[in-house]
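The next block holds one structure in the form of structure tokens; read it before the comments.
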Amino acid sequence: MEKRFDPKSYEARWQKRWAESGLFTAKTRDETDAPSFCILIPPPNVTGRLHMGHALQSSLQDLMVRWKRMQGYNALWLPGTDHAGIATQLMVERQLEAEGTSRLELGRERFLERMWQWKEQYHSNIRRQLEALGSSCDWTRERFTLDEGLNLAVRTAFVRLHREGLITRGEAIVNWSPVLQTAISDLEVEAREVRGQLWHIAYPIEGSDQRLVVATTRPETMLGDTAVVANPDDERYRHLIGKTAILPLVGRRLPILADEHVEPEFGTGLVKVTPFHDPNDFEIAQRHDLPGVRVIGFDGRMTEQAGADFAGLDRFEARRAVVERLEAEGLLVAVREHVHTVGHSQRGGEPVEPMISTQWFCDVRGMAARALEAVHTEDLRLVPSTWEKTWEHWLSEIRPWCISRQLWWGHRIPAWYDESGNCFVTLDEEEAQKLAGTDRLRQDEDVLDTWFSSGLWPLSTLGWPDEDAPDLRTFFPTDVLITAFDILFFWVARMAMMSLHFQDRVPFRTVHLTGLVRDAEGAKMSKTKGNVIDPLELVEEYGADAVRFTLCALDAPGRDIPFDPQRMAGYRAFGNKIWNATRFAVSRAGEARVASELSPDGLEAPERWLLSRLARTAGTVNEKLEALRFDEACGQLYHFFWGELCDWSIELAKPALSGEAPRPRAGEVLLSALERSLRLLHPVMPHLTEELWHRLPGVEALGWESIALARYPEPMPEWLDERVEADMAALQEVISRIRAERTERGLPTQTRIVLHVEGGDTRASRFLLEQAALVCSLARVDEVVDGAGPEGALRDRVAGVDLALDIEAPSLGAEERGRLEKELEKVEIEMRSAEGRLTNPQFTGKAPPQVVEGTRRRLEELRERSRRIAEQLA
RNA sequence: AGGCCCGUAGCUCAGUUGGUUAGAGCGCUACGUUGACAUCGUAGAGGUCAGCGGUUCGAGUCCGCUCGGGCCUACCA
């Protein structure tokens with residue numbers, strides 16, 4: 001076997017073999033009786049390459065699905081990608097710009113051709129990246145949110161919701177992005193704190209020389225004012241209600257009205273009303289039946305209706321111009337510094353323009369209530385559960401979802417208009433024509449919000465709207481969704497709503513929400529900061545298994561993941577450890593073979609101990625995975641393999657395998673335990689374990705073509721052996737004590753040490769004497785003697801055994817004395833604390849008996865230690 | 001404005017229903033390399049668990065307040 005551990009030498013090879021073998025192709029219910037297990041990939045955007053967040057989620061998903069597959073489930077991990085409307089369209093538009101052309105120049109059809117080219121390229125990148133991580137996806141079922149099947153699902157959902165009156169078209173204030181030239185949803189708006197001004201502007205009152213003063217942060221919108229309102233209870237302005245103000249610069253007559261919405265304390269207590277450019281004003285206008293005026297256009301420039309002086313100006317230029325004019329006319333009463341929040345487009349970063357517009361809206365209140373209910377009844381579990389409150393808050397406050405986008409890349413809205421503007425919402429144009437009685441129809445220009453199709457992902461990928469689709473019947477509802485918390489509302493909530501609406505069932509039973517992968521300084525990774533790490537570069541440097549192990553081991557619930565290259569190097573070293581442990585076992589096991597069945601009967605203590613620890617680890621790992629505690633499962637695997645199998649079992653096997661102190665079945669047990677350990681590790685480190693597994697002698701007799709299909713180890717209760725674990729724990733403690741003494745005194749390796757087991761015939765001391773060969777080998781003791789040691793030997797009580805170490809060396813130096821004094825001090829402090837508790841009747845009376853008993857035993861041990869240390873110092 | 005999360009060793013973080021001796025990895029120190037592994041081994045140093053108060057026989061863990069950091073939600077012009 002090669003001495004060098006080199007992941008590159010086998011990772012790609014196994015990826016290829018897995019892809020060709022079809023091992024990961026799931027079956028339908030008609031093809032297998034095995035219970036199903038399904039994870040749907042959160043489809044990555046075809047905007048670019050995968051980032052660390054994808055690597056994290058993919059590692060976790062693959063861990064889950066490989067584990068379940070090994071447990072005998074019909075396991076499906078369904079891969080796919082998302083067309084990601086705005087995001088992807090922007091990428092291609094940027095490309096066109098560089099080529100000196102534009103989407104408008106190309107026209108819809110040719111532009112979409114370019115989009116599909118882009119999609120093909122980036123989609124194949126993503127697939128390569130997933131494969132490079134060792135993902136056991138079922139590529140025969142891969143989907144894309146814009147493919148034909150998904151399009152049918154989208155149209156079906158839209159038509160049904162429309163028939164149910166839940167999707168409607170209408171005029172309302174939406175968040176408009178003048179840069180992207182489309183409406184965006186509330187979720188795509190980011191509130192940012194901005195230092196602005198509050199301008200106080202005087203409006204003359206008709207038929208009087210009096211003026212009223214309104215306060216606004218957006219003076220340019222005054223050109224579209226159609227009223228002024230005050231709170232009905234505001235004494236200061238009661239006399240004005242019913243009168244008319246004259247809009248400066250424009251001359252429009254504005255009714256002065258009373259409306260509860262106004263907070264008398266804010267500003268001047270008078271609000272100018274601009275129905276078409278402010279959501280609150282729009283509502284006020286509806287209450288009072290006020291008209292509106294569009295003064296800002298979709299391009300963010302002032303319209304003709306803003307007046308000749310301002311038309312064509314950018315909205316921010318217009319603000320300056322309006323303020324200047326007001327000042328010149330003596331109508332600017334005051335300017336106050338004012339910090340307020342302004343909505344910004346999450347993607348473009350520019351301030352969003354609240355704007356009246358005709359859009360499609362989806363009323364999601366009913367669905368939201370059901371999604372909320374599903375969490376209450378625990379049909380849907382959020383992990384960690386701290387997200388439940390956030391879920392509750394968002395879903396109970398939900399408002400209509402603006403689902404139309406003025407883009408070209410996306411699902412075209414299935415609505416057609418005849419020449420008189422009648423609208424027909426149908427599955428296809430043919431049906432619309434029948435309904436309309438004409439073929440002179442025009443399809444709605446808009447496309448749907450990306451998240452509308454993503455929201456249908458659990459249904460559409462499994463074959464819906466065909467209710468009898470085999471995959472839908474086999475895998476819906478799916479089992480676990482693993483995704484980052486930042487798309488809880490964008491995506492998770494919408495999938496829950498859609499699935500409950502169309503299937504009356506939750507789309508998945510459990511949602512595992514991961515944190516964000518951050519850089520070494522804890523900053524969020526972003527392209528603008530330039531701190532993005534490409535997972536493939538890490539795979540190149542550390543190997544896919546180390547990347548996977550690191551990410552899984554760091555996935556603590558509710559916590560972000562600080563990316564630390566040293567940590568990854570540590571897990572690469574773990575791979576090296578596994579490699580070399582296997583190399584040792586294979587090269588030293590002689591004629592031994594991996595056993596398919598193994599019973600602890602007739603085995604000696606070190607072997608029984610190994611099997612017991614292995615069984616215990618298998619139990620814990622399964623439990624941790626069941627609980628989605630990937631970090632703890634990985635921790636268990638790491639500590640078992642390195643800290644027990646390598647540090648102890650291999651060392652214990654050495655004297656047996658070398659013939660020094662033969663144990664006939666040591667090699668067989670070591671190989672067999674190693675084989676089970678590789679299986680335990682396989683879901684996290686698939687390449688390494690597959691590579692090594694095939695090299696174990698006798699593994700072919702187990703009858704699995706791949707470790708990926710081998711049975712995941714169960715807890716194996718018949719292997720558990722508490723007595724041997726206790727015996728071995730004592731042995732280990734004694735060995736550690738002797739090793740510590742040697743290093744702390746700085747004794748050379750050759751120094752002769754004889755261990756005397758003094759004082760009696762306890763189980764532990766008998767065991768120690770029986771295993772004398774192991775003590776000699778592991779603690780480098782020359783001899784283990786039953787009975788009292790000589791005068792001047794180092795005496796200590798360890799694990800209940802009285803020891804005397806006869807060390808051929810000069811007596812204690814000052815340094816060692818200091819250390820012992822410190823040790824004695826610590827022991828005495830703890831003794832006093834234990835004594836204090838034990839003499840306190842409150843403690844002995846109220847604490848559980850086993851706690852009190854434990855304290856007693858502890859105190860006894862401490863007294864003995866203190867006596868022996870004092871003896872050394874004397 | 002409301003809500004959530006976090007503060008534990010030099011660094012990054014574990015610590016399930018309160019139980020006595022608070023753990024891990026990395027880093028650090030000392031020693032060790034003719035055979036599994038220097039991507040290693042053995043041992044060691046390092047913590048008033050942010051602070052204050054409370055409940056309790058017993059608090060890193062439960063409760064309250066304070067300080068510090070992060071995040072989410074929100075139409076005060």
Side-chain angles (χ1 to χ4, degrees), chain A residues 1 3-5 173 186 191 198 214-218 221 229 261-263 265-274 278-284 338 340-341 343 354 384 386-387 389-390 392-394 397 485-486 488-489 516 520 522 542 546 553-554 556 558-567 569-588 627 629 631-632 635 638-639 643 646-647 650-651 654 658 736 739-744 746-749 780 819 826-827 830 833-834 837 840-848 850-852 854-855 858 862:
Chain A
M1 194 171 151
K3 186 168 179 179
R4 212 172 101 79
F5 162 64
I173 295 277
D186 294 346
L198 193 58
V214 298
T216 180
T217 54
R218 302 202 53 198
T221 62
V229 290
H261 164 76
V262 182
E263 295 275 346
E265 288 74 34
F266 187 86
T268 60
L270 286 172
V271 177
K272 58 189 262 324
V273 181
T274 319
D278 182 280
N280 296 311
D281 292 7
F282 185 74
E283 281 175 26
I284 295 174
H338 180 61
H340 58 136
T341 52
T386 46
W387 289 104
K389 281 189 180 168
T390 316
E392 168 112 32
H393 183 252
W394 191 73
E397 302 284 316
F485 69 80
D486 57 344
L488 183 62
F489 302 137
L516 267 30
Y542 300 99
L554 288 175
R559 195 130 203 164
D560 284 342
I561 295 176
F563 172 76
D564 180 0
Q566 281 186 318
R567 186 100 182 216
Y571 289 123
R572 183 183 50 192
F574 182 47
N576 176 63
K577 194 76 182 175
I578 299 170
W579 180 272
N580 280 294
T582 306
R583 202 156 69 87
F584 172 83
V586 168
S587 67
R588 300 284 291 281
R629 287 304 302 260
D631 55 334
E632 293 186 340
Y638 184 91
H639 287 113
C646 292
D647 288 350
I650 286 186
E651 294 308 316
K654 279 178 183 173
S658 71
S736 294
R739 285 168 169 174
E741 194 59 32
R742 199 188 281 278
T743 30
E744 278 172 23
L747 300 177
T749 320
R780 297 200 198 171
R819 191 178 52 76
K826 264 162 109 179
V827 169
E830 206 194 321
S833 143
R837 276 196 306 275
N840 180 354
Q842 295 277 26
F843 175 70
T844 48
K846 290 190 182 175
Q850 68 270 27
V851 172
V852 178
T855 310
R858 178 73 188 155
L862 288 166

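In what follows, chains carry the letters A, B, and so on, assigned in the order in which the sequence lines appear, proteins first and then strands, with residues in each chain numbered from 1.
Taking only side-chain atoms of A:N580, from C-beta outward, the nucleotide of B:rC40, B:rU73, B:rA36 with the closest atom is B:rA36. Across B:rU21, B:rA36, B:rA74, the shortest atom-to-atom separation from the side chain of A:T341 is found for B:rA74. Listed candidates were B:rA43, B:rG19, B:rC40. Nearest to the side chain of A:R739 is B:rA43. In the set B:rA43, B:rA36, B:rC40, the nucleotide with an atom closest to the side chain of A:S736 is B:rA43. In this structure, the nucleotide among B:rU21, B:rC40, B:rA74 sitting nearest to the side chain of A:K577 is B:rC40. Of the candidates B:rA77, B:rG41, B:rA36, the closest approach to any side-chain atom of A:D647 belongs to B:rG41. Which of B:rA77, B:rG15, B:rC37 sits closest to the side chain of A:E632 comes down to B:rG15. In the set B:rA77, B:rA36, B:rA43, B:rA77 carries the atom at the smallest distance from any side-chain atom of A:D278.
In this structure, A:A581 reaches the bases: a heavy-atom distance under 4.0 Å links it to at least one base atom across the strands shown. A:P748 comes within 4.0 angstrom of nothing in the nucleic acid, heavy atoms only. Heavy atoms of A:E830 sit under 4.0 angstrom from at least one base atom. Residue contacts for A:R629: at a heavy-atom cut-off of 4.0 Å it reaches the sugar-phosphate backbone alone, with no base atom in range. Nucleic acid contact for A:V586: none, since no nucleic acid atom lies under 4.0 Å from a heavy atom of the residue. Heavy atoms of A:A556 sit under 4.0 angstrom from primed sugar atoms or phosphate atoms, though from no base atom. Within the 4.0 angstrom heavy-atom criterion, no nucleotide atom of any strand lies near A:E392. Nucleic acid contact for A:T855: base, since at least one base atom lies under 4.0 Å from a heavy atom of the residue.
Applying the 4.0 Å criterion to OP1 and OP2 of B:rA36, one finds that A:R588 has a side-chain N or O inside that range.
The aromatic rings of A:W387 and A:F485 sit parallel, their planes meeting at an angle under 30°, below the 60° perpendicular limit. Between A:F489 and A:W394, the ring-plane angle classifies as parallel under the 30° and 60° cut-offs.
B:rG60 and B:rU8 are spaced 15 Å apart, taking the P atom of each and rounding to whole Å. Comparing the P positions of B:rU17 and B:rG53 gives an interatomic distance of 26 Å, to the nearest angstrom. B:rG25 and B:rA43 are spaced 12 Å apart, taking the P atom of each and rounding to whole Å. Comparing the same atom, P, in B:rU61 and in B:rA9 gives a spacing of 15 Å after rounding to whole Å. Rounded to the nearest Å, the gap between the C1' atom of B:rA22 and that of B:rC76 is 49 Å. Nucleotides B:rA30 and B:rC67 have their P atoms positioned 45 Å apart, rounded to a whole Å. Nucleotides B:rC62 and B:rG23 are separated by 22 Å at their C1' atoms, to the nearest Å. With both ends at atom C1', the span from B:rG54 to B:rU73 equals 33 Å, rounded to whole Å.
Atom CH2 in A:W579 sits about 20 Å away from atom P in B:rG35, given to the nearest Å. Remark: C1' of B:rG19 and CG of A:N840 are 14 Å apart, rounded to the nearest angstrom. A:N576 places its CG atom 4 Å from the C1' atom of B:rU39, with the value rounded to the nearest Å. When the P atom of B:rA38 is taken as reference, atom CZ of A:F5 falls 13 Å away, rounded to whole Å. Atom CD1 of A:I284 and atom C1' of B:rC76 are 11 Å apart (whole Å). Between the CD1 atom of A:I650 and the C1' atom of B:rA36 there is a distance of 7 Å, given to the nearest Å. Summarising the geometry, the separation between NE2 on A:H340 and C1' on B:rC75 is reported as 13 Å, rounded to the nearest angstrom. Counting to the nearest Å, the P atom of B:rC40 and the NZ atom of A:K3 are 14 Å from each other.
To the nearest 0.5 Å, atom CG of residue A:N576 and atom CZ of residue A:R4 are 10.0 Å apart.
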I'd like a list of close polar pairs between nucleotides 69-71 of chain B and the protein, N/O only, cut-off under 3.5 Å.
none

Enumerate the protein-to-nucleotides 45-48 of chain B contacts in which both atoms are nitrogen or oxygen and the separation is below 3.5 Å.
none

Under 3.5 Å between N/O atoms: give me all the protein pairs with nucleotides 3-10 of chain B, atom names plus distance.
from, atom 1, to, atom 2, distance (Å)
B:rC4, OP1, A:K389, NZ, 3.3

Listing time: all N or O pairs from protein to nucleotides 22-28 of chain B that are below 3.5 Å?
from, atom 1, to, atom 2, distance (Å)
B:rC26, O2', A:Q566, OE1, 2.9

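Residues A:R583 and A:F5 fail the side-chain proximity criterion, which asks for heavy atoms closer than 4.5 Å.
Listed by chain and residue number, A:R837 satisfy the side chain to side chain donor-acceptor pair (under 3.5 Å) test with A:S833 (two or more places apart in sequence, or in another chain).
Between the side chain of A:R567 and the main chain of A:L554, no donor-acceptor pair closer than 3.5 Å is present.
The nearest heavy atom of RNA chain B to A:A847 and to A:A740 marks one nucleotide each, and the one closer to the 5' end goes with A:A847.
For RNA chain B, runs of at least 3 consecutive pairs of the Watson-Crick or G-U wobble type, with both hydrogen-bonding distances under 3.5 angstrom, map to B:1-7 with B:67-73, B:10-13 with B:23-26, B:28-32 with B:40-44, B:50-54 with B:62-66.
Between A:K654 and A:E651 there is a salt bridge, since a side-chain N of the basic residue sits under 4.0 Å from a carboxylate O of the acidic one.
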